[in-house]
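Reading through the structure tokens given below for one structure.
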Amino acid sequence: VGSPRIAIIGAGPSGFYAADQLLKQGAEIDLVDALPTPFGLVRTGVAPDHPKIKSVTRIYERTATHEAFRFFGGVRLGADVSRQELLDRYDGVIYALGASADRRLEIAGEDLAGSHAATEFVAWYNGHPDFADRTFDLSRRRAVVVGNGNVALDVARMLALDPDELAGTDTADHALAALSGSRVEEIVVLGRRGAAQAAFTNPELLELGEMSRADVVVAAEDLELDPLSALVEDDAGARRRLEILRDYAARERTGRSHRIVLRFLCSPVAILGDAAGRVSGIRVARNRLEIERGRVRAVATGVEEDIECGLVLRAVGYRGEPLADLPFDATRGVIANRDGRVVSDDGVPLPREYVVGWIKRGPTGVIGTNKKDAAETVACVLADLNAGILRGPRPTHRDTASQWLRERVPHLVEWAGWQAIDVHERLAGEASGRPRVKLVRVGDMHEVSSARAVDAQAR
Ligand SMILES: Cc1cc2nc3c(=O)[nH]c(=O)nc-3n(C[C@H](O)[C@H](O)[C@H](O)COP(=O)(O)OP(=O)(O)OC[C@H]3O[C@@H](n4cnc5c(N)ncnc54)[C@H](O)[C@@H]3O)c2cc1C
Ligand SMILES: NC(=O)c1ccc[n+]([C@@H]2O[C@H](COP(=O)([O-])OP(=O)(O)OC[C@H]3O[C@@H](n4cnc5c(N)ncnc54)[C@H](OP(=O)(O)O)[C@@H]3O)[C@@H](O)[C@H]2O)c1
């Protein structure tokens with residue numbers, strides 16, 4: 001009978017937590033990712049000025065030392081391998097694909113040059129190879145960030161950080177160069193609801209107030225609570241948020257060169273362009289709040305205002321995308337599932353297929369949320385194992401799957417190959433006091449990882 005063999009597709013936090021928990025139960029794990037590099041959004045999402053958060057990868061590196069763990073980077077489900085091929089070779093398949101697409105505003109002007117999804121900007125400054133060639137117009141004084149979540153604060157901070165501070169981070173070189181030449185001095189962050197309903201968290205909000213070259217600007221009148229928001233009296237987190245914001249509103253301007261302006265009760269209605277088709281501003285509507293089915297909702301008052309700017313980044317959430325022929329819940333943007341078991345369109349569990357992380361529950365939650373989420377999925381896998389459901393027509397030898405992947409993907413990057421990339425990047429960073437200098441071209445990653453494989457063979 002032997003150990004169950006599980007393929008996990010997606011090497012972000014949720015894939016690693018599921019791998020770790022299953023290895024502890026005696027499973028054999030092949031962790032597969034479309035990129036040659038592991039760690040998902042920890043590498044390509046988490047802001048470079050948060051190195052402590054990025055250091056969670058040490059936990060994942062420990063998981064990778066397990067002898068029943070293998071990593072196969074550079075393998076994209078849907079392009080290089082199919083769902084059925086995986087089911088033919090493994091007892092179970094767990095999809096941990098994340099949710100990397102962006103949500104749109106669906107307003108006029110959204111596709112003008114200079115209007116982008118924050119997902120692109122984030123992937124660009126973090127050196128995601130698919131985004132390394134993007135460009136962002138940083139030549140105008142003001143940028144506008146739409147959205148009131150932690151991603152909105154991340155991108156606002158990245159635009160306001162001093163180049164000297166950025167220089168000590170693992171921000172991709174192309175982004176360092178562009179940001180150090182940036183003329184953006186004011187970043188306006190727009191929340192469509194009130195301060196009491198903002199989605200960002202308090203440590204991130206406090207960080208804005210400690211920036212070396214930027215003041216945080218909040219208008220006191222934006223913090224006057226309407227009767228609906230007075231309900232926050234019950235919510236300690238929201239009370240603290242308002243305290244922090246009131247402190248910001250009361251601060252004297254220090255005359256720092258840059259400003260992050262937090263505005264509330266403002267929805268974008270159109271992105272405005274110049275004759276050359278470039279963003280020249282954004283039209284916003286002033287909102288008031290209403291309750292609809294128990295949720296506080298923003299409703300336009302009819303009062304509008306134009307804000308001049310050269311760059312608009314919409315940080316209104318990520319979105320999962322349908323993949324291959326997997327059942328998809330389009331309303332929630334997730335693979336259709338119940339507690340982690342993939343289900344058919346009519347809700348019947350599909351044997352041996354599971355889901356975890358953002359593609360299971362939607363694009364919210366911090367890194368740690370995925371650990372608990374993985375535990376729920378792993379419990380389903382183990383229950384199915386005990387019930388005799390988890391047994392695929394897989395070949396008897398474990399190497400058959402790796403052989404197949406090596407033949408299918410000419411530039412497969414295995415764990416030793418990733419370690420070679422990691423060492424290369426860290427060494428390159430040492431010289432300039434940075435945690436690493438990221439390789440941002442897949443070809444360069446292949447070169448570094450295969451040089452290492454050749455070394456190992458020669459030894
Ligand atoms: C900009 C940003 C900043 C964040 N900052 C923080 C933070 O500071 N602190 C914090 O706690 N949380 C933060 N988060 C949240 C955290 O990153 C997520 O909770 C977590 O990454 C979700 O994990 P996941 O494994 O579901 O998805 P992901 O991390 O997105 O991993 C999915 C993986 O699947 C791979 N993949 C996708 N499609 C395929 C395919 N077809 N075939 C093969 N592989 C595929 C991808 O390459 C990727 O490696 C941040 C999120 C964002 C977007
Ligand atoms: N440092 C960190 O810990 C960190 C950093 C980054 C991300 N993360 C986590 O990653 C997850 C994703 O973050 P996120 O910022 O992408 O998502 P999020 O927290 O869901 O925030 C999305 C924001 O966009 C707004 N929005 C949605 N549609 C809009 C529209 N059409 N017009 C205007 N505003 C709109 C939402 O407002 P409404 O509330 O009105 O819908 C909300 O303020 C979160 O759980 C976050 O905490 C954590």
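Just the heavy atoms: all of them, side chains too, but no hydrogens, waters or symmetry mates, feed the values below. Numbering of ligands and ligand atoms starts at 1, following listing order. Numbering of residues begins at 1 and proceeds along the displayed sequence.
At a heavy-atom distance under 4.0 Å, only side-chain atoms of L105, from C-beta outward, approach ligand 2. With a 4.0 Å heavy-atom cut-off, ligand 1 is reached by the backbone of A96 but not by any atom from C-beta on. When non-hydrogen atoms are compared, ligand 2 lies under 4.0 Å from the side chain of D154 (C-beta onward) but not from its backbone.
Ligand 1 lies out of reach of T119, whose nearest heavy atom is not under 4.0 Å from it. At a 4.0 Å cut-off, at least one heavy atom of P13 sits close enough to ligand 1 to count as contact. Using a 4.0 angstrom heavy-atom cutoff, S267 does not count as in contact with ligand 2. In this structure, R297 falls outside the shell of residues with a heavy atom less than 4.0 angstrom from ligand 2. Ligand 1 is never approached by G78 to a heavy-atom distance shorter than 4.0 Å. Contact annotation: R295 has at least one heavy atom less than 4.0 Å from an atom of ligand 2.
Considering backbone and side-chain N/O of N148, one or more are found under 3.5 Å from N/O of ligand 2. Between R193 and ligand 2, at least one N/O pair is under 3.5 Å apart. Considering backbone and side-chain atoms together, T364 places no N or O closer than 3.5 Å to any N or O of ligand 2. Every N/O-N/O distance between A152 and ligand 2 stays at or above 3.5 Å.
Residues R70 and D30 are paired through a salt bridge, judged by an N-O separation under 4.0 Å between the basic side chain and the carboxylate. The pair R43-D422 fails the salt-bridge criterion, with no side-chain N (NZ, NE, NH1 or NH2) lying under 4.0 Å from an Asp/Glu carboxylate O.
The residue among E204, Q197, R192 with a heavy atom at the shortest distance from atom 41 (O) of ligand 2 is R192. When L77, T369, N150 are ranked by how near their heavy atoms come to atom 42 (N) of ligand 1, first place goes to L77.
For W124 and F136, the ring centers sit closer than 6.0 Å to each other.
Applying the side chain to side chain donor-acceptor pair (under 3.5 Å) definition to pairs two or more places apart or across chains, those involving residues 311-325 are R83-D325, D102-R314, E110-R314.
Nearest to atom 11 (O) of ligand 1 among the protein's heavy atoms is I367 N, 2.8 Å. Summary of contacts: the protein heavy atom closest to atom 5 (N) of ligand 1 is V46 CG2, 3.6 Å. Distance from atom 47 (O) of ligand 1 to its nearest protein heavy atom, with residue and atom name: D33 OD1, 2.7 Å.
In E304, the CD atom is crowded: over 12 heavy atoms of neighbouring residues, nucleotides or ligands sit closer than 6.0 Å.
Every atom of ligand 2 is numbered from 1 in the order shown, and the set under 4.0 Å from a heavy atom of R103 is 27 (C), 28 (N). Distances below 4.0 Å separate heavy atoms of V151 from the following atoms of ligand 1: 1 (C), 2 (C). The atoms of ligand 1 that sit less than 4.0 Å from any heavy atom of G40 are 29 (O), 31 (O), 48 (C), 49 (O).
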